[in-house]
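Some notes on the structure that comes next.
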Amino acid sequence: MKNIRNFCIIAHIDHGKSTLADRLLERTKTISERDMQAQVLDDKDLEREKGITIKSHAIQMNYTLGSEQYVFNLIDTPGHVDFSYEVSRALAGCEGALLLVDATQGIQAQTISNLYLALENDLEIIPVINKIDMDGAMIPEVKDQILELIGCKEEDILLASGKTGIGIEEILEAIVKRIPAPKGSSEEPLQALIFDSVFNSFRGIIAYFRVYNGVVKKGDKIKFVNTGEEYFADEVGILRLGLEPRNEVRTGDVGYIITGIKNAKEVKVGDTITLVSNPGVTAIRGFEEVKPMVFAGIFPVETDDFEELRDCMDKLQLYDASLTYELDFGFRWGFLGMLH
């Protein structure tokens with residue numbers, strides 16, 4: 001466990017976060033040259049079209065420094081304020097964060113907002129100035145902004161270019177040396193936090209989780225603390241570019257679990273997983289609750305489609321737990337902003 005590092009990248013929109021993540025995946029050989037494409041973690045068409053990250057993605061990388069092998073769990077985060085809930089979920093599973101600042105733009109609003117979220121979660125911050133190869137790069141000015149914002153030493157600030165790969169090796173070394181290893185014990189009862197979930201039409205709901213204590217094994221009978229429901233772990237594993245099955249997922253690691261759940265209401269993002277055989281654990285404090293700011297009314301064209309529309313909305317909530325809806329004559333949806 002001392003060789004595990006869980007971290008995320010936080011930044012304002014369009015500061016080069018997805019491009020930097022691409023370089024990290026390339027340098028650690030997590031993805032082959034044949035499979036490499038721009039914004040590899042942004043798998044939605046809309047994300048590629050607009051050049052933004054909407055949904056957090058978790059991926060595991062292996063890195064060797066000296067004679068030691070390290071396991072990195074990167075939880076990618078969006079930069080736009082409308083998806084700040086995704087950021088708060090990612091932070092819940094990490095011990096450290098790369099604070100990415102565009103050398104041509106300087107510190108912007110969402111950089112500060114995400115930084116405060118990270119500090120509230122006691123994360124180790126590694127400041128990185130990106131796009132240093134650009135003609136309009138203001139490296140000394142941006143350094144001063146970072147020094148004023150977080151009060152670090154000037155030598156703690158890393159310089160990088162996600163486009164050309166400058167400084168990637170220094171970032172990987174800093175992750176090893178500056179981000180603490182996870183705490184917890186594999187001997188304790190299982191305590192894992194669900195930080196995300198997706199719906200698969202063949203396999204049911206796939207929950208992504210971070211293990212704080214204990215071990216979850218394939219075939220274990222598990223319990224969701226907040227809902228009280230019990231299931232069998234049909235499959236557990238880690239998150240590479242796809243799902244990679246394992247016999248067990250241990251303390252400090254990030255993984256997924258498939259239990260064959262089909263009903264979206266049974267999985268709550270922020271819930272705690274434990275074992276039925278040793279259930280005496282408290283629920284883990286999850287992430288910040290957010291309030292919707294923009295509302296829309298949605299109605300089925302045909303009244304007979306009402307139940308089908310509700311099922312679809314439940315599944316959509318799995319992908320984005322910050323979406324809220326109330327039932328009236330139709331559905332009153334709550335969003336965090338206009339882009340959301």
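As the structure is a prediction and not an experimental result, all values here were calculated from the model.
- Heavy-atom contacts from other residues, nucleotides or ligands closer than 6.0 Å to CG of Asn200 number more than 12.
- The environment of Glu68 atom CD is dense: over 12 non-hydrogen atoms of other residues, nucleotides or ligands sit within 6.0 angstrom.
- Residue Thr259 holds its OG1 atom at 10.0 Å from CD1 of Ile206, rounded to the nearest 0.5 Å.
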* Asked: Where do Ile298 and Met313 land on the side-chain contact (heavy atoms from CB on, under 4.5 Å) test, with the steps shown first?
  -> CA-CA 10 Å; Ile298 297 177; Met313 289 181 166; 3.8 Å; yes
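- Here CD1 of Ile257 is found 5.0 Å from CD1 of Ile273. Values are rounded to the nearest 0.5 Å.
- Here the side chains of Met1 and Ile4 are in contact, with some heavy-atom distance below 4.5 Å.
- Side-chain heavy atoms closer than 4.5 Å link hydrophobic residues (I, L, V, M, F, W, Y) into clusters, and following such links, even through other members, never connects Val71 to Met61.
- Of all the heavy atoms in Arg23 and Lys163, the pair that sits closest is NH1-O, 4.1 Å.
- In this structure the side chain of Ile157 reaches within 4.5 angstrom of the side chain of Leu147, judged on heavy atoms.
- Leu190 and Val215 fall into different hydrophobic clusters, where Ile, Leu, Val, Met, Phe, Trp and Tyr side chains are chained together by heavy-atom contacts under 4.5 Å.
- Under the 4.5 Å side-chain criterion, counting only non-hydrogen atoms from C-beta, Asn62 is in contact with Arg240.
- The local environment of NZ in Lys153 is sparse, with at most 12 non-hydrogen atoms from other residues, nucleotides or ligands closer than 6.0 Å.
- Classification of the Phe72-Phe7 ring pair by plane angle, with boundaries at 30° and 60°, yields perpendicular.
- You'll find the side chain of Ile179 reaches within 4.5 Å of the side chain of Ile126, heavy atoms only.
- Transitive grouping of hydrophobic side chains (ILVMFWY, heavy atoms separated by less than 4.5 Å) keeps Ile238 and Phe195 in distinct clusters.
- Sorted by first then second residue, the ring-ring contact (aromatic ring centres under 6.0 Å, His included) pairs that include residues 291-311, not counting sequence neighbours, are Phe306-Phe331.
- Between Val101 and Ile107, the shortest heavy-atom contact is CG1-N, 3.7 Å.
- Using modelled atom types, one side-chain atom of Asp271 and one backbone atom of Asn226 make a donor-acceptor pair closer than 3.5 Å.
- Between the Asn213 side chain and the Ser185 main chain, a donor and an acceptor come within less than 3.5 Å of each other.
- Within 6.0 Å of CD in Glu141 there are more than 12 heavy atoms belonging to other residues, nucleotides or ligands.
- With contacts defined as side-chain heavy-atom distances shorter than 4.5 Å, the pair Phe209/Leu193 does not qualify.
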* **Test side-chain contact (heavy atoms from CB on, under 4.5 Å) applied to Leu24 and Ile168, step by step** => CA-CA 7 Å; Leu24 294 175; Ile168 299 302; 3.9 Å; yes
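- A 4.5 Å side-chain heavy-atom check between Arg310 and Tyr325 finds at least one atom pair inside the cut-off.
- Taking CD1 from Ile112 and CD1 from Ile10, the interatomic distance works out to 11.5 Å, rounded to the nearest 0.5 Å.
- Between Arg5 and Glu95 there is no salt bridge, since no side-chain N of the basic residue sits under 4.0 Å from a carboxylate O of the acidic one.
- There is a side-chain donor-acceptor pair under 3.5 Å between Asp253 and Gln60.
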* **From CA spacing to verdict: side-chain contact (heavy atoms from CB on, under 4.5 Å), Glu266, Phe224** => CA-CA 9 Å; Glu266 292 179 37; Phe224 290 175; 5.9 Å; no
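- Across every non-hydrogen atom of Ser197 and Val267, the tightest pair is CB-CG1, 4.2 Å.
- Across Ala103 and Lys131, no two heavy atoms sit closer than the pair CB-O, 3.8 Å.
- Cluster annotation: Ile125 is connected to Tyr116 through the hydrophobic network of ILVMFWY side chains, with a link wherever side-chain heavy atoms come within less than 4.5 Å.
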* To do: Before giving the answer on side-chain contact (heavy atoms from CB on, under 4.5 Å), spell out for Asp102 and His12 the whole-Å C-alpha distance, their side-chain angles and the decisive distance to 0.1 Å.
  => CA-CA 9 Å; Asp102 187 330; His12 191 84; over 6 Å; no
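- Heavy atoms only, all atoms of each residue included: Asn6 and Gly93 are closest at CB-O, 3.5 Å.
- Between Glu188 and Thr251 the shortest side-chain heavy-atom distance does not fall below 4.5 Å.
- Between the CD atom in Glu229 and the NZ atom in Lys223 there is a gap of 10.0 Å [rounded to 0.5 Å].
- For Glu308, the CD atom sits in a loose shell: 12 or fewer heavy atoms of surrounding residues, nucleotides or ligands are nearer than 6.0 Å.
- One finds the CD1 atom of Ile261 at 4.0 Å from the OH atom of Tyr231 (value rounded to the nearest 0.5 Å).
- Atom CD1 of Ile175 sits about 8.0 Å away from atom CG of Leu74, to the nearest 0.5 Å.
- Residues satisfying the ring pair (Phe, Tyr, Trp, His ring centres under 6.0 Å) test with Tyr256, not counting sequence neighbours, are none.
- Here Phe199 pairs with nothing under the ring pair (Phe, Tyr, Trp, His ring centres under 6.0 Å) rule; sequence neighbours left out.
- For the pair Ile222/Leu275, a side-chain contact is recorded, criterion being any heavy-atom separation below 4.5 Å from C-beta on.
- Hydrophobic clustering (ILVMFWY, side-chain heavy atoms < 4.5 Å, transitive): Val276 and Ile258 are in distinct clusters.
- At distances below 3.5 Å, at least one donor-acceptor pair connects side-chain atoms of Thr272 with backbone N or O atoms of Ile284.
- The only option from Val128, Val142, Ile129 that meets the side-chain contact (heavy atoms from CB on, under 4.5 Å) definition with Leu159 turns out to be Ile129.
- Across every non-hydrogen atom of Arg178 and Glu124, the tightest pair is O-CG, 3.1 Å.
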